[in-house]
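Quick notes on the structure that follows.
As the structure lists them, so they are numbered: ligands from 1, and atoms in each ligand from 1. Bear in mind the structure is a predicted one, so any value in this text is a computation, not a measurement.
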Amino acid sequence: MTDAAALDRDDPLAAKRDEFEIPEGLIYLDGNSLGCLPKAVPARMAEVVSAEWGGQLIRGWNDAAWIDLPTRIGGRIGNLIGAGEGTVVAADTTSINLVKALSAGLALRPGRKVILSDTGNFPADLYMAQGLIRTLNKGHELKLVAPEEVESAIDDSVAVLMLTEVDYRTGRRHDMAALTQKAHAAGALAQWDLCHSAGALPVDLTRAKADFAIGCTYKYLNGGPGAPAFIYVRPDHLPHVEPMLSGWMGHEAPFAFDLDYRPAPGTERMTVGTPPVLALSALDAALDVWDGVSMTDVRAKSMALGDLFIEEVERRCEGFGLALASPRDAMVRGSQVAFRCAKGYAVMQALIADGVIGDFRAPDIMRFGFTPLYLRYADIVQAAQTLERILREETWRAPQFQQRGKVT
Ligand SMILES: *Cc1c(COP(=O)(O)O)cnc(C)c1O
């Protein structure tokens, strides 16, 4: 049996937990949906609100360098995903950034009509692609294949291979470098959604030669509910990208107030309107927790936490109708583990009531996220014990656990 206490003693990331606000007695396995609050954030927010907004008012744009937040924070995120300096900006939402990147990619491949994605992609990504296709009205097609069939479906009809690296439900991880290479060999571009990758595992956009990448910061990057997202454009494409959302913040000289749009020379051209200073400031403070953190340590612990959870749940909960929906091999799994369970919704509600927070994804997926910066091995064992007790005692049958909220 695993000695969780010993693993926690030897954990090089153990001290990081103190940098987070974690409610007493709570085991939080949902950092893949909304990361915990870093302790540095409230004080920084109070300062920005009172001293900068309250005291500096309009002068804050220059004196507190609010205007540089999208590029400066973009640079900090870029360091975590292998992007070169000046190639990432923090802006808008993942959904909006998807359209910005995809419209740019399609324009770079004018003779081709296919956007290739998979059936495991997050629906929001697919909806945005469908909306863009309708708006462009140029005969593009969104082609969906099973995740395992993506590689063989790449051919010379594909304009953009549009994928999410880590499947939001199963945690299955695509091989970003290999699929990007395959896309390039077929003359296509590769666009990656890193929502479940940034802060969860090592990403090297430069080495993978990814053409575009997008992602959110409220999951593993702990930026807070609805925190601004990010967008990466490979530097050699940038001069050829004519932004579809040609906003004044992406203009070469916003304060020249010219009547015609001219894109900024750098990745700023991917920004649109006035940056959300408060939200960006929270994100900026939240990113401090990554200072000095080795992504190799994060990945090693993430894989170990996931393996331990699978082992504990399968041993304790055998015969209760749970089936592993995630890859067993940690190498091809992101930082989450999912189990299928017909009564999964009610079981998850009972778990949450008992202080173990995961989430549920229709139709039958119980999803558990592992955030190495603030979870302990002992938490994993305790979470599995709680799940076992709920299944044995059938507490999930209580009527209050059958009612569904707006957000699951
Ligand atoms: C979380 C997530 C999103 C969310 O996009 P928003 O615009 O922030 O709502 C999009 N795509 C994927 C793959 C996600 O995991």
Side-chain angles (χ1 to χ4, degrees), residues 29-36 70 73-74 77 80-81 88-103 105 115-132 142 144 147 150 160-174 176 179 190-201 203 205 210 212-232 245 270-273 275-276 279-280 282-283 286 325-326 333-338 358-362 365 367-371 406-408:
L29 305 182
D30 216 359
N32 55 325
S33 262
L34 176 65
C36 281
I73 294 173
I77 296 166
L80 299 172
I81 53 175
V88 176
V89 286
D92 303 307
T93 64
T94 304
S95 302
I96 302 277
N97 288 339
L98 180 139
V99 166
K100 292 192 239 172
L102 186 58
S103 57
I115 300 162
L116 179 63
S117 191
D118 71 52
T119 52
N121 204 346
F122 192 63
D125 294 36
L126 305 179
Y127 303 158
M128 294 309 280
Q130 289 160 5
L132 178 63
L142 176 62
L144 299 181
V150 167
V160 178
L161 174 66
M162 183 191 85
L163 295 174
T164 296
E165 186 186 17
V166 176
D167 188 303
Y168 75 106
R169 269 190 299 216
T170 64
R172 179 221 15 84
R173 184 187 187 187
H174 275 309
M176 182 159 82
L179 289 172
Q191 170 173 331
W192 291 93
D193 186 326
L194 303 177
C195 276
H196 292 279
S197 308
L201 38 88
V203 177
L205 287 175
F212 298 94
I214 55 173
C216 69
T217 64
Y218 49 77
K219 293 170 183 164
Y220 294 91
L221 295 178
N222 314 301
F230 62 87
I231 179 167
Y232 162 86
L245 301 180
M270 304 313 287
T271 64
V272 181
L280 284 166
L283 171 58
S326 297
R333 195 174 67 219
S335 207
Q336 64 188 62
V337 166
D359 61 23
F360 175 80
R361 286 293 173 264
I365 295 258
R367 194 171 70 150
F368 303 90
F370 303 103
T371 43
K406 260 195 188 171
V407 176
T408 62

Nearest 0.5 Å, what's the CG-CD distance between D125 and Q130?
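Rounded to the nearest 0.5 Å, the CG-CD separation comes to 11.0 Å.
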With rounding to the nearest 0.5 Å, note down the distance linking OH in Y218 to OG in S33.
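Taking OH in Y218 and OG in S33, the distance rounds to 8.5 Å.
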Please tell me if the side chains of R173 and E165 come closer than 4.5 Å, counting only heavy atoms from C-beta onward.
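R173 reaches E165 side chain to side chain.
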How would you list, by chain and number, the residues with a heavy atom under 4.0 angstrom from ligand 1?
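Ligand 1 pocket, heavy atoms under 4.0 Å: T93, T94, S95, F122, D125, T164, D193, C195, H196, Y218, K219.
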Salt bridge (Lys or Arg N to Asp or Glu O under 4.0 Å) against [X], all qualifying residues, sequence neighbours excluded:
{"X": "D167", "result": "R172"}
{"X": "K100", "result": "D92"}
{"X": "D359", "result": "R361, R367"}

